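Reviewing the structure listed below.
Just so you know, these numbers use all the heavy atoms, side chains as well, and skip hydrogens, waters and symmetry mates. No experiment lies behind these values; they were computed from the predicted model shown. Order of the sequence lines sets the chain letters (A, B, ...), proteins ahead of strands, with each chain counted from 1.
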Number of protein chains: 2
Amino acid sequence: MKKPAGVELAGIIRKAGFRATKPRLLVLAFLHGIEYPASIKEIITGIGREKVDQVTVYRILEAFKAVGLVAQVDFQHGRAYYELKDAAHDHHHIVCTGCDRVEDFTGCDYDKLADKALSQTSGFAKVTNHSLELFGLCNTCVKTA
Amino acid sequence: MKKPAGVELAGIIRKAGFRATKPRLLVLAFLHGIEYPASIKEIITGIGREKVDQVTVYRILEAFKAVGLVAQVDFQHGRAYYELKDAAHDHHHIVCTGCDRVEDFTGCDYDKLADKALSQTSGFAKVTNHSLELFGLCNTCVKTA
DNA sequence: ATACCACTTGCAACTGACTTGCAAGTACTT
DNA sequence: AAGTACTTGCAAGTCAGTTGCAAGTGGTAT
Ligand SMILES: [Mn+2]
Ligand SMILES: [Mn+2]
Ligand SMILES: [Zn+2]
Ligand SMILES: [Zn+2]
């Protein structure tokens with residue numbers, strides 16, 4: 001996913017059905033610049049001196065999530081993390097429980113998994129979403145464990 | 001997993017390295033009786049008139065989790081859910097986003113997934129845990145959607 | 001059976017993520 | 001340029017989960 005210019009960001013936001021406001025542009029630009037999911041605090045800090053209220057950031061992320069622009073993940077740190085969502089390239093995260101280091105991986109085989117779940121259950125009609133994360137130890141932490 | 005008698009429960013708790021106290025017996029007995037993961041509130045309520053402080057329940061579940069007796073899952077409802085963990089029979093949950101109905105499914109292929117992640121990443125040495133849940137619509141909610 | 005003590009519990013106060021209500025501000029339409 | 005529906009920011013609130021500590025108790029040693 002290449003980094004779009006400011007003009008394009010506005011287009012993305014409008015296409016999603018929102019007004020291209022400064023806070024939304026700042027949040028979206030920040031998300032384009034990160035390698036791994038960021039927390040609300042990291043987003044607010046990362047936006048720089050253009051202060052955007054945390055309530056606004058929460059609302060923006062909620063809205064972006066609702067239209068599929070953003071994915072929310074749970075690293076079991078007691079808060080949510082967010083990154084841009086690329087539906088065409090499903091990926092997940094492995095998190096070090098020692099130092100919180102994160103890396104991506106692919107290959108969860110979502111479609112097959114969804115089929116499996118639907119055929120095993122009797123009460124479900126469709127799968128709309130999934131969450132998957134692996135927890136482990138990084139090369140550094142595995143030594144000190 | 002069949003339901004053990006009170007005596008056996010005490011043995012399970014002691015084998016895990018804890019004293020077989022009344023609150024721990026009550027929590028463990030309750031967890032043996034549920035079909036799907038329960039929240040802290042549900043556990044406290046479910047325990048019945050033997051009131052156990054919620055702090056105690058939190059601490060018990062944390063301890064049981066640490067020794068692998070209990071699994072914690074995230075249904076994205078803003079709180080944690082707990083159930084007994086059976087390491088030999090890995091299973092996951094599909095949750096209806098309309099009505100919170102839950103069912104189990106198996107077949108996440110954990111070992112293969114862990115291998116995949118380790119070979120794709122450069123900084124990780126081992127996978128120790130995983131979380132996976134599917135979200136979807138149940139037969140009832142899919143009609144009203 | 002009793003005494004002991006490390007482990008547990010319960011209460012109260014606290015933390016921190018996230019939400020809500022509402023008045024003031026602003027992006028887009030006309 | 002004006003109008004209006006959509007957004008934002010502030011303050012206050014909610015609620016899951018945590019912390020400190022004094023009182024209670026299970027398991028063990030006498
Ligand atoms: Mn990622
Ligand atoms: Mn289950
Ligand atoms: Zn690490
Ligand atoms: Zn449903």
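- Rounded to a whole Å, the OH atom of Y58(A) is 19 Å from the C1' atom of dT7(D).
- In this entry the distance linking CD1 of I60(A) with P of dA27(C) reads 13 Å, nearest Å.
- Spacing between atom CG of L25(B) and atom P of dT9(C) amounts to 10 Å, rounded to whole angstrom units.
- When atom types are taken as modelled, the side chain of E42(A) and the backbone of S39(A) share a donor-acceptor pair closer than 3.5 angstrom.
- Between the C1' atom of dC7(C) and the CD1 atom of I13(B) lies a distance of 14 Å, rounded to the nearest Å.
- Although no hydrogens or angles enter the test, the distance criterion places a donor-acceptor pair under 3.5 Å between the side chain of S119(A) and the main chain of D115(A).
- Proximity of residues 39-57 of chain A to DNA chain D (heavy atom under 4.0 angstrom from any strand atom) is restricted to K51(A), V52(A), D53(A), V55(A), T56(A).
- Looking at every heavy atom in both residues, V95(A) comes nearest to F75(A) through CG2-CD2, 3.6 Å.
- In this structure, R101(A) and F124(B) have side chains that are in contact, with non-hydrogen atoms separated by less than 4.5 Å.
- To the nearest angstrom, C1' of dT19(D) lies 14 Å from CD of E62(B).
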How does each nucleotide of nucleotides 24-30 of chain D score, in 5' to 3' order, for protein heavy atoms under 4.0 Å: base (B), sugar-phosphate only (S), or none (-)?
-> -BBS---
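- Summarising the geometry, the separation between CZ on R59(B) and C1' on dT18(D) is reported as 9 Å, rounded to the nearest angstrom.
- Contact annotation: R79(B) does not reach the phosphate of dC15(D) (side-chain N/O to OP1 or OP2, under 4.0 Å).
- Looking at Q120(B), its side chain does come within 3.5 Å of a backbone N or O of T106(A) through a donor-acceptor pair.
- Judged purely by atom type and a 3.5 angstrom limit, Y36(B) has no side-chain atom pairing as donor or acceptor with the backbone of E83(B).
- Judged purely by atom type and a 3.5 angstrom limit, K116(A) uses its side chain to pair as donor or acceptor with the backbone of G107(B).
- Applying side-chain contact (heavy atoms from CB on, under 4.5 Å) to L31(A) and the options L69(A), V70(A), L9(A) leaves one that passes, V70(A).
- Across the protein-nucleic acid pair, L61(B) atom CG and dT8(C) atom P stand 15 Å apart, rounded to whole Å.
- In this entry the distance linking CG of D74(B) with P of dA17(C) reads 16 Å, nearest Å.
- The aromatic rings of H130(A) and H92(A) sit perpendicular, their planes meeting at an angle over 60°, well past the 30° parallel limit.
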